[in-house]
Amino acid sequence: MTPPSNPINLNDPATRDALHARLRFYRDLGIGEFYRREVDSALWAQPNPQSEPQPAPAQTQATPPAPPEQLFPQLNQEIDIAPRKPFPAAPAQAEPVPPEQHFAALKLIREEIGDCTRCALAKGRNKLVFGDGDPNAKLMFVGEGPGADEDASGLPFVGRGGQLLNNMIGAMGLKREEVYIANVVKCRPPNNRTPEPDEAHTCSPFLFRQIDVVRPKVIVALGQTAVTYLTGEKRPLSAWRGTVHPFRVGAKLIVTYHPAFLLRDPNQKKHAWADLQIAMRELGLTSPARK
Ligand code: URA
């Protein structure tokens, strides 16, 4: 049987969306990086100096594999293989604000952001999604960036993922109004793609300032993008989950799966619940079911 000559058409938006969704799924699972890898094509043709001593090369050497950009020229149009820039340092922690001034302090940050055009995400935005919830919350959730529903409403986590997040908050014995919710980027990335590093680095200082005002006891990072840009460290989700990480303002950082990932793979919900129970322990909460 002859295989189809071009089974993947990357010019087809539906195919691209499906591929992006699949990449995000694997990424949220913590499996490697499928894009934005540094690729030095010279390395492909050289032996690894760290490996065992190599036998003398035979007279007829096998042809080294072609660099990936030659093998997959079409993919190369889609995948940015530029070397990753080092993460800028997070801004210095701000002085605490008295609890009764938290609301006004957050309002000031929102005003400073204004009708933002600091990065390319501004172009596709309907509403900027600043953050939502109790300015004195003990628990804060940080997601990746607004989706279509959030872009339309101006509020974080109001779509299907938001419904699930609300249920997760409810299972912890809390109401959504009692927590604070924000994202790494405040404007919707096109096609819900992962924010580009320059977009995330441009926007995240405002998130850090929100954290410094709210001063939650516990921050739950929802998914890989959130923990990467909160910590400035790129490690798989599996390396973060299951442990409490000291964070700025004396908060405890706990990492779990993004609700969108849990919608795609509901079998992982039990693991997310285990993560939330760590957060509950840190907050001194008992599950409503066990009261
Ligand atoms: N996904 C996010 O990461 N944040 C939102 O606000 C909505 C969906």
Side-chain angles (χ1 to χ4, degrees), residues 88-159 161-163 165-166 168-170 172 174-189 195 198-222 225-227 229-232 247-253 259 279 283:
Q93 201 174 292
E95 287 299 313
V97 174
E100 66 280 9
Q101 290 176 22
H102 284 193
F103 178 82
L106 289 173
K107 196 157 165 268
L108 275 182
I109 300 172
R110 176 64 191 93
E111 280 164 20
E112 191 178 323
I113 295 172
D115 191 14
C116 186
T117 54
R118 292 171 181 83
C119 86
L121 295 183
K123 277 191 248 115
R125 161 184 89 217
N126 284 307
K127 287 199 175 153
L128 188 144
V129 180
F130 176 68
D132 184 35
D134 181 354
N136 297 299
K138 298 278 167 276
L139 173 61
M140 178 163 176
F141 288 91
V142 175
E144 175 173 311
D149 296 307
E150 293 76 20
D151 176 65
S153 67
L155 292 169
F157 282 102
V158 291
Q163 300 296 317
L165 181 60
N166 291 349
M168 289 157 71
I169 295 167
M172 296 174 80
L174 295 169
K175 298 197 189 74
R176 182 178 161 118
E177 312 82 79
E178 292 175 297
V179 307
Y180 193 83
I181 308 176
N183 283 307
V184 170
V185 292
K186 303 202 180 319
C187 299
R188 183 191 181 199
D198 63 314
E199 295 158 357
H201 293 316
T202 304
C203 208
S204 62
F206 295 109
L207 171 65
F208 286 116
R209 285 173 59 189
Q210 286 169 286
I211 291 171
D212 292 355
V213 168
V214 177
R215 295 202 162 233
K217 269 180 86 173
V218 170
I219 298 175
V220 176
L222 298 167
T225 302
V227 67
Y229 289 103
L230 282 170
T231 61
F247 197 62
R248 65 196 284 133
V249 301
K252 308 281 177 60
L253 178 68
L283 292 163

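Among residues at least two apart or in separate chains, there is no side-chain hydrogen bond (donor to acceptor under 3.5 Å, both in side chains) pair with a member in residues 90-101. Counting only residues at least two apart or in different chains, ring pair (Phe, Tyr, Trp, His ring centres under 6.0 Å) contacts with residues 114-157 comprise Phe157-His258.
The nearest pair of heavy atoms linking Val129 to Pro156 is CG1-N, 3.3 Å. The two residues Ala137 and Glu178 come nearest to each other via the heavy atoms CB-O, 3.5 Å.
Side-chain contact between Asn183 and Val142 is absent, with no heavy-atom pair separated by less than 4.5 Å. When side chains are defined from C-beta on, Met140 counts as touching Leu207, because their heavy atoms get closer than 4.5 Å. Annotation: side chain of Val184 is not in contact with side chain of Leu230 (no heavy-atom distance under 4.5 Å). Taking 4.5 Å as the limit, some side-chain heavy atom of Cys187 sits within range of a side-chain heavy atom of Leu128.
The line from CZ of Arg209 to OG of Ser204 is 12.0 Å long, rounded to the nearest 0.5 Å. The structure places CG of Leu108 at 11.5 Å from CD1 of Ile113, a figure rounded to the nearest 0.5 Å. Considering OH of Tyr229 and SG of Cys203, their distance stands at 12.0 Å, rounded to 0.5 Å. Separating the NZ atom in Lys123 from the CG atom in Leu121 is a distance of 8.5 Å, to the nearest 0.5 Å.
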Can you check side chain to side chain contact (heavy atoms under 4.5 Å, CB included) on Asp198 and Cys119, steps first, answer last? CA-CA 8 Å; Asp198 63 314; Cys119 86; 5.5 Å; no
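A distance-only check finds a donor-acceptor pair linking the side chain of Asp151 to the backbone of Asn126 [under 3.5 Å]. A distance-only check finds a donor-acceptor pair linking the side chain of Arg110 to the backbone of Gly114 [under 3.5 Å]. A donor-acceptor pair under 3.5 Å is absent between the side-chain atoms of His201 and the main chain of Pro88, judged by distance alone.
Taking 4.0 Å as the cut-off between side-chain N and carboxylate O, Arg176 and Asp134 do not count as a salt-bridged pair. A salt bridge does not link Arg118 with Glu199: none of the charged nitrogens is closer than 4.0 Å to a carboxylate oxygen. Ion pairing between a basic and an acidic side chain is recognised when a charged N comes within 4.0 Å of a carboxylate O; Asp212 and Arg248 show such pairing.
When the salt bridge (Lys or Arg N to Asp or Glu O under 4.0 Å) test is applied to Lys107, the partners found at least two apart in sequence or on another chain are Glu111. In terms of the salt bridge (Lys or Arg N to Asp or Glu O under 4.0 Å) criterion, residue partners of Lys252 (sequence neighbours excluded) are, by chain and number, Glu282. For Tyr180, the side chain to side chain donor-acceptor pair (under 3.5 Å) test picks out Gln210, with sequence neighbours left out. Here Asp149 pairs with nothing under the salt bridge (Lys or Arg N to Asp or Glu O under 4.0 Å) rule; sequence neighbours left out.
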